[in-house]
*Asks:* 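Below is the structure I would like to discuss, written out as C-alpha cells.
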Amino acid sequence: MTAADLARAYARRELSVREGVQSSLDRINEFDGQVGAFLKLAEDVGDQADRAQAMLDAGEGTPLTGVPVALKDNLSTRGLRTTCASKILSDYVPPFDATVVAKLKEQGAIILGKTNLDEFAMGTSTENSAYQLTHNPWDLARSPGGSSGGSAASVAAGFTPLSLGSDTGGSIRQPASLCGIVGFKPTYGRVSRYGLVAFGSSLDQIGPFGFNVEDTALMAEAISGHDPRDSTSLRHAPIDASSVRNGSLKGLRVAVPKEFFGDSMHAGLRAVVEQALDTMRKEGAILEEVSLPSIQYCVTTYYIIAPAEASSNLARFDGIRYGPRAEGSGHISVVERTRAEGFGHEVKARIMIGTYALSAGYYDAYYLRAQQVRGLMVQEFKSVFDKYDVVVGPTSPVPAFKIGELKNDPMALKLLDFCTIPANMLGCPAISINAGLTDGLPVGLHFMAPPLADERVLQVAYATEQALGATMRAPFP
Amino acid sequence: MQAPMANYVASIGMEVHAELATRSKMFCRCPVAFGGEPNTRVCPVCLGLPGSLPVPNREAIEMVIRTALALNCKIAMHSVFHRKNYFYPDLPKGYQVSQYGETNPLGYHGWLELANGKRIGIRRVHLEEDTGKLMHLPNGGAGVDYNRAGVPLMEIVTDFPPDITNEEEAKDYLVELRQILVWLGVCDGKMEEGSLRCEPNISIRPEGTEMLGTKSELKNLNSFRSVQLGVQFEIRRQAATLDSGGTLLQETRGWNESNESSYAMRIKETENDYRYFPDPDLIPMVFDDPYIEGLRSAMPELPLAKSQRYQRDFGLSTKDAERLLQDRETAEFFEEAVAMKGDPKGICNLMISEFAKQLNEAGLSPRQSNISPAHLVQLANLLASDTINSKVGKEVFAEAFKSGAMPDAIVDERGLRQIDDHGPIVESVKAVLATNAEVVERYRGGQTGVAGFLVGQVMKMGQGRFNPQLVQQLVREELERT
C-alpha cells in the first residue's frame with residue numbers, strides 16, 4: 001500500500017493506525033531476516049500509533065499521520081540508537097531529533113526504525129556497513145545500492161511506504177534506481193541538515209524514497225522548509241506536493257547530455273532508458289542531445305571535496321565524549337586506537353585522502369582546484385538550464401550488481417557515480433524513477449532541474465511516470 | 001637575572017584573545033558565564049554531537065567589527081569562517097571554527113596608538129570559538145569542562161615584524177587595548193578569569209642586525225604585571241643564553257608567577273598543519289558599506305582621543321584626564337556635567353576626590369549613586385564663587401551623596417553660606433584674642449607662627465563658615481594693632 005492509499009484507508013476508517021503499523025511490522029518481522037534493511041526497530045511504535053490515531057480522530061491529521069517510515073541510521077533520533085553503521089557509534093543514543101525527524105513526528109508519521117547504510121554513508125552498495133549486508137528485494141543475491149541501501153530496500157520490500165535517506169553523491173537516487181522505486185534529492189538547503197550526521201557538508205542532502213512520485217512528494221513536503229538551526233538552510237517555503245500532478249511533458253525542453261551515455265553503460269539498461277526517452281518524445285517533450293564535458297571530471301572532483309570535508313567532519317569521533325573508547329597511554333594514543341578500531345576500511349581510506357587533500361602544500365593543487373572545477377561545472381550546467389527545463393539520463397550506468405561482485409574493485413564502484421554526482425555539485429534537485437526492467441532488474445531514469453525547481457522536477461517525474469506506467473512491486477517474497 | 005653584556009634589540013609580537021561579552025555562545029544559545037558546575041552550559045552544538053550545526057551569533061560579529069574599527073583596521077566586506085583541524089580533548093568537534101588568511105579576518109591592517117604617540121601595527125582581528133577546559137580530577141585522571149567551549153573569542157594579533165621593542169611597551173599596549181575593549185563593552189577584560197589572555201612572542205637580535213632571532217612564546221600571564229615581568233625575563237634570559245654562547249630554541253614557555261621566571265613547556269620543531277579550509281556549514285559573511293558605516297558612526301569616542309580633548313579643551317592635566325577615563329561611565333558622567341555649563345576643572349576635582357572616595361567606600365558606580373551631573377555642577381559653582389569653602393563643600397557633598405538633596409538646598413537649609421561680613425568676624429577675633437592673652441604675648445614676643453592657632457580658634461567659633469582669607473587678614477590686623 002502506498003502512503004496515499006494508507007491515508008485514505010485511515011480517513012475512511014477502514015483501518016486503524018495500529019493495524020496499519022502492525023502490518024508493516026509483521027512484514028518486517030517475517031522478511032527482514034532475508035533483506036537486512038533495518039539495524040534497529042523503535043520500541044515505542046505502539047505509543048506513536050496511538051498518538052497518530054488521536055490526531056486523526058481529532059481531525060488534525062496530515063497526509064503522513066499514521067504512515068510508517070524508516071530512517072537511514074545517520075539521522076539523529078532522540079532516544080533511539082544512531083550508529084551510522086559504524087562501530088565507533090555502536091552505543092550512541094542521541095539526546096535530540098534531527099529537524100526532519102521532529103517534523104515527521106509533529107505530522108504524526110510513525111518512526112518504525114533505523115536502516116542500514118554504508119558506514120557514514122560512504123559507499124554505493126551498503127556493503128560497507130559494520131553490522132550487516134542489505135539485499136535487493138528484486139534479487140536477494142544483489143546489492144540494493146547505497147549508501148541509503150536499507151531505506152531503499154525497506155520501500156522496495158514493502159516494509160514501509162516511505163523512508164528517508166541522505167544523498168551526498170547519489171546515495172538516494174542510485175539505490176532507488178537499483179531497487180525500482182523513486183528517490184528524490186531536493187535542492188541543497190531546502191531540507192534542513194540539522195541532525196544528519198555529516199559526511200560532505202557542502203554536498204549532503206536528506207531526501208525521501210517512495211513507491212511512486214506522489215508519495216515521494218508528500219514526504220518531501222513534510223520534511224522541507226527553512227530551519228533556523230541550519231545556516232545553509234534556504235529561506236524558502238516547503239516543497240509543494242500538491243502541484244505534482246500539474247506537470248505535462250508537452251513542450252517540455254529536455255537536455256540529454258551525451259556524457260551520461262558512455263561506453264560503460266549496460267546495453268540492456270541503455271535500451272530501457274532510450275525507450276523511456278522515446279515515450280517522452282511521444283508525449284510531446286522536445287529532447288535534444290547536449291554536451292557537458294565537465295561531467296567527465298565530476299567523479300575525480302567529488303572524491304576530493306567529499307573526503308576533504310569528511311576528514312574534518314569525522315574528527316569529532318575520538319572516543320572522548322561518546323562512543324566506545326579504546327585504552328591507550330595518553331590522549332593521542334587513545335584517539336588513535338579508538339579510531340583505528342572504530343572506523344572501517346573505506347572510512348579510513350577517505351579520511352586519509354581528505355586529510356592529504358587539505359594538507360599544506362597540497363591544498364591548492366587538490367581542494368582548491370576541485371572547488372574551481374565545481375564552479376566550472378555550475379557554469380556549464382547553468383548555460384544548459386538557460387535553454388532547457390530539465391536534464392535527463394540514466395541514474396546508474398548499470399542495474400543492481402551482485403553482492404561482493406565489486407567489493408575488490410572500489411574504483412569501479414566509484415566510477416558508477418558520474419550520473420548522480422553533478423546534482424550534488426550544483427546543489428540542484430534531482431530524482432530517479434523506475435523506467436522498466438532489464439533481465440528482471442529495475443532501471444532508473446534520472447531528472448535534474450536548476451536549484452529551487454524542486455516542484456518542476458517532481459512534476460516532470462510524475463508526468464513521465466504516468467506515461468511509462470512502470471511503477472512496479474518487487475517480486476518479493 | 002643579570003643585565004645582558006651585548007646590546008640587543010627585542011621584538012615582541014602580541015597575540016591577545018578576548019572572550020566577547022555576548023549573552024550567548026558563538027554558534028548556539030547556551031549562556032556565557034564564568035565558572036559554575038562543569039558541563040552545565042552545554043548543548044548538542046557546543047558539544048559537537050553528531051549532526052549538530054552552528055548558527056553564528058550576530059552580536060559577536062558586530063563586536064569584532066566594532067573592535068576592528070576602533071583599532072583602525074580595514075574591514076573584510078566578504079569574510080569566511082575556516083575550520084582549524086587538530087585533535088585535543090577540549091576541542092569537541094576535532095576542529096576549531098576560526099578565520100584564516102591575510103585579508104579574510106573581519107578586521108586587518110590596523111593600528112593602536114600608545115599614549116606616547118607610537119603606533120603599534122595590528123595584523124588581524126578575527127573571530128573564533130573558545131575551547132573547553134581540561135581539569136585534573138581530585139581522585140586522579142582528567143575531565144573536560146565544556147562550559148567554555150563555543151564562547152565567542154576574538155583574536156587580536158600585532159603586525160609582523162613587531163613594533164613593540166620592550167616590556168614597557170608590551171604592557172602599555174595591553175593596558176591600552178584592554179581599555180578599548182572594556183570601553184566598547186565587548187569584553188570584561190578580566191585577565192585573572194581568563195576572559196582576556198595575552199601570549200607575547202619574544203625574540204632578540206644584536207643591535208645593528210636585521211634578521212629576527214629565534215622566538216619563544218609565553219603563556220600563563222594573568223596580569224599586566226606578569227606580562228611586563230614575563231617579557232622582561234624572556235629578553236634577559238635570551239640575552240644571557242646568547243652571551244654565554246648558547247643557542248635559543250623555538251619553544252613555548254610558561255610563566256611561573258610565584259618565582260617570577262619562565263619554564264620550557266614544549267619545543268616547536270615543526271609548524272602544525274591545521275589543514276584550514278572554509279567551513280561548509282557556515283555561509284560567508286557579506287557586508288555592505290551602509291552597514292559598516294552605521295557601526296562606525298555609532299562608535300563612541302575612544303579613551304585616547306578623549307584624553308587629548310580634555311587636556312586641550314578643558315585644560316586638565318594628563319593625570320587628571322586619565323583618572324576620568326578609568327571607565328566609560330565616569331567619563332560620560334563628567335562630560336554631561338561639563339555640558340551643563342559646569343566648570344570642567346572644578347567638576348574634575350570633585351569627581352576624582354570626594355566623589356571617587358565616596359563611591360569607592362559605598363562600592364557604587366557614578367550612575368548608581370544619588371549624585372547626578374547637576375549636583376556636581378551646583379557644588380562646583382558654589383565652591384568657585386566662594387559661596388562655601390572647601391571644608392563646607394565636603395560636608396555638603398557628603399549630605400548630597402547620602403540624601404540626594406541638591407547642594408544649593410543643603411547650603412540654604414543649613415545656613416552654610418560663607419560669612420564675608422567683617423562685623424561678626426572681627427567680634428570673634430577680639431573674643432579669641434581676649435581669651436588667649438598668653439598666646440598673643442608670645443606673638444608679640446616674636447613667635448609669629450602662633451597666629452595660625454588663633455586663626456583656627458576663630459574659624460572654630462565661626463563653625464567653619466567664616467571666609468578663611470578674611471579671618472587670616474583680620475587676625476593679623478588685630479595682632480598688629482595693639
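Reminder, nothing fancy here: chain letters follow the sequence lines and each chain counts from 1.
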*Asks:* Count the heavy-atom pairs under 4.5 Å between each of B/Asp279, B/Asp281, B/Leu47 and chain A, then report the option with the highest count.
*Replies:* B/Asp281
*Asks:* Examine whether an atom of A/Tyr362 lies under 4.5 Å from a heavy atom of chain B, and if so say whether it belongs to the side chain, the backbone or both; otherwise answer neither.
*Replies:* neither
*Asks:* Report, in residue-number order, which members of residues 324-334 of chain A are under 4.5 Å from chain B by heavy-atom distance.
*Replies:* A/His331
*Asks:* Just wondering, are more than 12 heavy atoms of other shown residues or ligands nearer than 6.0 Å to OH in A/Tyr131?
*Replies:* yes
*Asks:* Quick check on A/Ile320 against chain B: is it the side chain, the backbone, both or neither that has a heavy atom closer than 4.5 Å?
*Replies:* side chain
*Asks:* In terms of heavy-atom contacts, does OH of B/Tyr276 have more than 12 from other residues, nucleotides or ligands at under 6.0 Å?
*Replies:* yes
*Asks:* For the candidates B/Phe87, B/Tyr86, B/Phe27, B/Tyr95, which exhibits the highest count of non-hydrogen atom pairs separated by less than 4.5 Å from chain A?
*Replies:* B/Phe87
*Asks:* Taking C-beta and beyond as the side chain, do B/Val45 and A/Tyr194 meet within less than 4.5 Å on heavy atoms?
*Replies:* yes
*Asks:* Please classify the contact of A/Ser76 with chain B as side chain, backbone, both or neither, using a heavy-atom distance under 4.5 Å.
*Replies:* side chain
*Asks:* Who are the salt bridge (charged side-chain N to carboxylate O under 4.0 Å, His left out) partners of B/Glu102, not counting sequence neighbours?
*Replies:* B/Arg123
*Asks:* Tell me if the centroids of the rings in A/Tyr367 and B/Phe277 come within less than 6.0 Å of each other.
*Replies:* yes
*Asks:* Identify, with sequence neighbours excluded, every residue that meets salt bridge (charged side-chain N to carboxylate O under 4.0 Å, His left out) alongside A/Glu341.
*Replies:* none
*Asks:* Where along residues 222-233 of chain A does a heavy atom come under 4.5 Å of chain B, listed by residue number?
*Replies:* A/Pro228, A/Arg229, A/Asp230, A/Ser231, A/Thr232
